[in-house]
Amino acid sequence: MDGFARNLLHWFDGHGRTQLPWRRERSAYRVWLSEIMLQQTQVATVIPYYERFLVRFPDVRALAAAQLNEVLALWAGLGYYARGRNLHRCAQVVVRAHGGEFPREIDVLTALPGIGRSTAGAILAFSCEQRHPILDGNVRRVLSRYHAVEGPPTARAVEGRLWELAALHTPAARVADYTQAIMDLGAMVCTRARPHCRSCPLAMDCRAHHDGAVDRYPGSRARRQAPVRSRCFLIVRRDSGHILLEARPPTGLWGGLWSLPETDTCAAAETWCAAHALPVRRSTSWEVMRHTFSHFHLDMHPLLLEIETSPQAVMDADRWLWYKDGDAIEVGLPAPVRRLLDRLDAQGSPETPDDPHRALRKTRQDR
DNA sequence: TAAACGTGGCA
DNA sequence: TTGCCAAGTTT
């Protein structure tokens with residue numbers, strides 16, 4: 001064990017996070033579930049989802065036996081829904097092809113849906129003390145500072161060097177503690193902004209700290225300008241308060257979730273209603289709501305359509321659903337759609353803005 | 001290989 | 001307000 005790991009473990013024994021839910025019982029199933037949820041997602045966000053999943057799906061067989069729709073409904077709000085779809089697929093593969101036990105070989109594990117190199121390493125390190133490196137945002141930050149690794153983290157050479165360093169430092173003994181320790185250090189001490197180098201157990205040998213250039217690492221990644229997509233979302237409401245939902249395609253944005261019917265423009269929405277024989281009694285265009293994703297801005301143009309009761313159109317239960325909050329239906333709603341419906345409940349029929357630009361400003365101030 | 005994939009926290 | 005990014009993987 002090198003000095004890096006020794007100092008880190010010593011710090012961990014006094015300062016490590018011990019209260020995380022997935023640290024209590026380290027079955028492969030629980031470690032796997034937590035690792036998938038934690039991909040690109042902050043710890044505080046994951047905790048309530050993790051607890052709910054464990055109650056509903058106490059083991060991998062329960063998860064494999066569930067409907068994808070229910071899994072995605074429980075996943076709704078976490079984001080990156082391919083993780084939810086892969087989670088379900090992976091559970092079924094584990095049950096069908098591996099007798100309900102997660103494989104202990106890293107190559108077999110990595111071949112499972114949703115499990116890459118880092119997640120596979122974490123599962124084996126935490127659940128059975130196998131010596132494998134991980135490379136997440138924390139480890140990337142700690143190592144790139146400690147060794148003053150230059151360059152954008154996505155660059156191939158940088159990526160390879162960081163994996164190399166991660167493998168070099170990972171000890172044979174106490175692998176689980178070490179893996180937790182380096183993530184805890186990244187989350188609590190070697191933070192992105194204003195790291196606490198005074199209380200860092202590695203500061204003595206940290207090249208970035210020695211050079212007084214901690215904020216140069218990791219290097220910044222190149223960003224593209226986010227394009228703007230403009231879409232019209234139909235809030236088709238019946239007198240009973242039920243809202244028409246449409247099943248989204250199984251892949252892509254919000255894949256597998258339910259959302260409001262979507263068209264390019266509000267004008268197209270009228271065509272859409274005619275095509276589906278929806279007798280519209282009143283329509284009200286709402287203020288523009290801009291939602292920013294990782295790669296683009298979505299300008300949502302909500303259009304409220306109040307319709308006569310019991311339309312005969314839109315009857316395909318696989319694709320369409322009349323939904324009212326409180327129904328005992330498993331529905332996964334994307335967060336922006338959820339917010340839209342919440343606002344509708346809160347203020348009833350929204351008023352038509354007379355100035356779209358003012359409306360946009362107003363919306364953005366609300367957020 | 002680069003782009004796609006959600007959401008929320010923070011400075 | 002805006003940009004960055006968090007327990008990354010897939011195509």
Side-chain angles (χ1 to χ4, degrees), chain A residues 17 20-23 31-50 72 75-87 89-90 109-123 125-126 133-142 152-156 159 162-163 166 176 179-188 190-194 215 218-227 229 248-257 259 290-298 332-339 360-361 363-367:
Chain A
R17 290 180 290 189
L20 299 175
W22 41 88
R23 282 184 52 87
V31 172
W32 164 70
L33 178 61
S34 69
E35 289 300 329
I36 300 298
M37 287 184 166
L38 286 161
Q39 287 168 4
Q40 300 285 283
T41 309
Q42 295 187 347
V43 168
T45 305
V46 164
I47 289 176
Y49 285 87
Y50 177 78
L72 290 178
W75 196 274
L78 254 191
Y80 283 148
Y81 300 99
R83 292 184 299 169
R85 300 191 299 267
N86 286 333
L87 189 83
R89 271 209 301 148
C90 183
L109 207 50
T110 308
L112 293 174
I115 301 181
R117 182 177 177 184
S118 190
T119 297
I123 292 171
F126 284 129
I134 66 164
L135 186 60
D136 68 346
N138 292 306
V139 178
R140 180 175 293 113
R141 191 167 54 252
V142 170
T154 51
R156 191 161 186 69
E159 180 88 356
L162 289 174
W163 270 111
T179 303
Q180 187 63 51
I182 194 167
M183 287 192 286
D184 285 0
L185 190 81
M188 303 163 67
C190 195
T191 49
R192 183 169 66 87
R194 299 155 65 104
D215 40 348
S220 58
R221 45 187 84 190
R223 297 259 172 197
R224 294 177 179 278
Q225 181 146 20
R229 295 185 206 172
R248 297 186 63 88
T251 59
L253 185 71
W254 300 334
L257 272 67
S259 79
R290 168 166 290 192
H291 189 80
T292 298
F293 292 86
S294 304
H295 301 86
F296 66 97
H297 302 287
L298 179 62
L333 286 174
V337 172
R338 162 60 66 188
R339 274 195 292 273
L360 180 56
R361 281 198 303 277
T363 301
R364 296 171 75 170
Q365 280 165 7
D366 288 347
R367 299 167 47 233

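Each chain gets a letter, A, B and so on, in the order its sequence line appears, and its residues count up from 1. Bear in mind that the values here come from a model prediction, so they are computed numbers and not experimental data.
Checked by atom type, the side-chain pair A:E159/A:T154 shows no donor-acceptor distance below 3.5 Å. Side chains of A:R85 and A:T251: a donor-acceptor N/O pair is absent below 3.5 angstrom, by distance only.
Using a 4.0 Å heavy-atom cutoff across all strands shown, A:I134 reaches no nucleic acid atom at all. Among the protein residues, A:L20 comes within range of the nucleic acid bases, having at least one heavy atom under 4.0 Å from a base atom. No contact: A:G186 has no heavy atom under 4.0 Å from any strand. In this structure, A:R89 reaches neither bases nor backbone, as no heavy-atom distance under 4.0 Å exists between it and the strands shown. Among the atoms of the strands shown, only primed sugar atoms or phosphate atoms (P, OP1, OP2) are found under 4.0 Å from some heavy atom of A:A335. Among the protein residues, A:R338 comes within range of no part of the nucleic acid, since none of its heavy atoms lies under 4.0 Å from any strand. A:V43 comes within contact range of at least one nucleobase, with a heavy-atom separation under 4.0 Å.
C:dT9 sits 24 Å from B:dG9 when the P atoms are compared, rounded to a whole Å. Comparing C:dA7 with B:dA4, their P atoms are spaced 24 Å from each other, to the whole Å. Comparing C:dC4 with B:dA3, their P atoms are spaced 16 Å from each other, to the whole Å. For C:dT10 and B:dT1, the C1' atoms lie 12 Å apart once the distance is rounded to whole Å.
Residue order along DNA chain C, read from the 5' end via each residue's closest nucleotide, puts A:H297 first among A:R17 and A:H297. Annotation: of the two residues near DNA chain C, A:S118 and A:Q42, the 5′-most nearest-nucleotide partner is A:Q42. Heavy-atom nearest nucleotides on DNA chain B were determined for A:R156 and for A:L253, and the one closer to the 5' end corresponds to A:R156. Comparing A:Q40 and A:R192 along DNA chain B, the residue whose closest nucleotide (by nearest heavy atom) sits nearer the 5' end is A:Q40.
As a whole-Å value, the separation of A:L162 CG from C:dA7 C1' is 16 Å. A straight line from CZ of A:R194 to C1' of C:dC4 spans 16 Å, rounded to a whole angstrom. Look at CD on A:Q39: it is 19 Å from P on C:dC5, rounded to the nearest Å. The distance from atom CG of A:N138 to atom P of C:dC4 is 19 Å, rounded to the nearest whole Å. Rounded to whole angstrom, the span from the CG atom of A:L257 across to the C1' atom of B:dC5 amounts to 13 Å. For the pair A:Q225 CD and C:dG3 C1', the interatomic distance rounds to 12 Å; values are reported in whole Å. Distance A:I36 CD1 to C:dT10 P: 8 Å, rounded to the nearest Å. In this structure, the CD1 atom of A:I47 is 18 Å from the P atom of C:dA6, given to the nearest Å.
Here the side chain of A:T119 is nearest to one of C:dT9, B:dT7, C:dA7, namely C:dT9. The side chain of A:Y81 approaches B:dT7 more closely than any other nucleotide in the set B:dT7, C:dA7, C:dT9. Nearest to the side chain of A:R339, among B:dG8, C:dA7, B:dG6, sits B:dG8. Among the nucleotides C:dT9, B:dC5, B:dG6, the one closest to the side chain of A:F296 is B:dC5. For A:P334, counting side-chain heavy atoms from C-beta on, the closest listed nucleotide (C:dA7, C:dT9, B:dT7) is B:dT7. When the nucleotides B:dG6, C:dC5, B:dG9 are ranked by their closest atom to the side chain of A:R221, C:dC5 comes out on top. Nearest to the side-chain atoms of A:F293 among the listed nucleotides C:dT10, B:dT7, B:dA11 stands B:dT7.
Two residues are said to be in side-chain contact when any heavy atoms from C-beta on lie closer than 4.5 Å; A:Y80 and A:Q39 fail this criterion. Taking 4.5 Å as the limit, some side-chain heavy atom of A:Q180 sits within range of a side-chain heavy atom of A:L20.
A:S259 and A:V337 make their closest contact through CB-CG2, 4.0 Å (heavy atoms, listed as atom of the first residue, atom of the second, distance).
Residue A:R141 places no side-chain atom within donor-acceptor reach of the base of C:dA6, judged by atom type and a 3.5 Å distance cut-off alone. If you check distances only, the side chain of A:S294 does reach the base of B:dG6 with a donor-acceptor pair under 3.5 Å. Remark: the A:T45 side chain and the B:dG9 base include no donor-acceptor N/O pair separated by less than 3.5 Å.
Neither OP1 nor OP2 of C:dA7 sits under 4.0 Å from any side-chain N or O of A:W22. Contact annotation: A:Y80 does not reach the phosphate of B:dA4 (side-chain N/O to OP1 or OP2, under 4.0 Å).
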Inset, instruction - Decide side chain to side chain contact (heavy atoms under 4.5 Å, CB included) for A:V43 and A:W22; before the verdict, give the C-alpha distance in whole Å, the side-chain angles of both, and the deciding distance to 0.1 Å. - result: CA-CA 11 Å; A:V43 168; A:W22 41 88; 4.0 Å; yes

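The aromatic rings of A:H291 and A:F293 sit perpendicular, their planes meeting at an angle over 60°, well past the 30° parallel limit.
Rounding to the nearest 0.5 angstrom, the gap separating the CZ atom in A:R141 from the CG atom in A:L185 is 9.0 Å.
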